[in-house]
Amino acid sequence: MPTLADPVLLWTLFAIQLVGLVSMVLARMPHGTLLHGACRSLFVGCLVVVGLATVYAMGCYGSSWAWSGTVFSIMAVGGTADFGRAAPAAF
């Protein structure tokens with residue numbers, strides 16, 4: 001199994017993580033836009049790819065799996081967090 005010292009593999013993992021974070025931001029677009037559905041689909045696909053990259057990085061016996069795991073966690077929380085204002089409670 002290749003190690004993460006290979007520069008091509010390292011830059012590929014970096015690119016996957018960067019695209020994953022960008023897809024998270026795009027998935028948070030308002031619902032009224034035409035690209036909202038496509039951006040959400042891109043986010044789910046990137047979430048799966050970043051998760052698989054994390055598992056692969058763990059198998060390379062390096063410490064860089066922590067970066068992939070952190071990006072995966074940020075994507076999971078950022079994709080599901082509700083940043084809107086809370087509605088007032090009706091009594």
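The first residue of the sequence shown is numbered 1, and numbering continues consecutively from there. Given the structure is predicted, the values throughout are model-derived calculations rather than measurements.
- Clustering of Ile, Leu, Val, Met, Phe, Trp and Tyr by side-chain heavy atoms under 4.5 Å joins Leu52 with Val48.
- Applying the side-chain hydrogen bond (donor to acceptor under 3.5 Å, both in side chains) test to every pair with at least one member in residues 14-25, sequence neighbours left out, gives these pairs: Gln17-Ser68.
- Here the CG atom belonging to Leu13 is positioned 8.5 Å from the OG1 atom belonging to Thr54, to the nearest 0.5 angstrom.
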In a table with atom names and distances, give each donor-acceptor pair under 3.5 Å that connects a side chain of residues 69-79 to protein atoms at least two apart or in another chain.
unit_1 : atom_1 : unit_2 : atom_2 : d
Thr70  : OG1    : Ala66  : O      : 2.7
Ser73  : OG     : Gly69  : O      : 2.9

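- To the nearest 0.5 Å, atoms CG (Leu21) and CD1 (Ile16) are separated by 12.5 Å.
- Met24 and Val49 fall within a single hydrophobic cluster, where Ile, Leu, Val, Met, Phe, Trp and Tyr side chains are chained together by heavy-atom contacts under 4.5 Å.
- For Ser41, there are no side-chain contact (heavy atoms from CB on, under 4.5 Å) partners two or more places apart in sequence or in a different chain.
- Following chains of ILVMFWY side-chain contacts shorter than 4.5 Å, one can reach Val22 starting from Leu35, so the two form part of one hydrophobic cluster.
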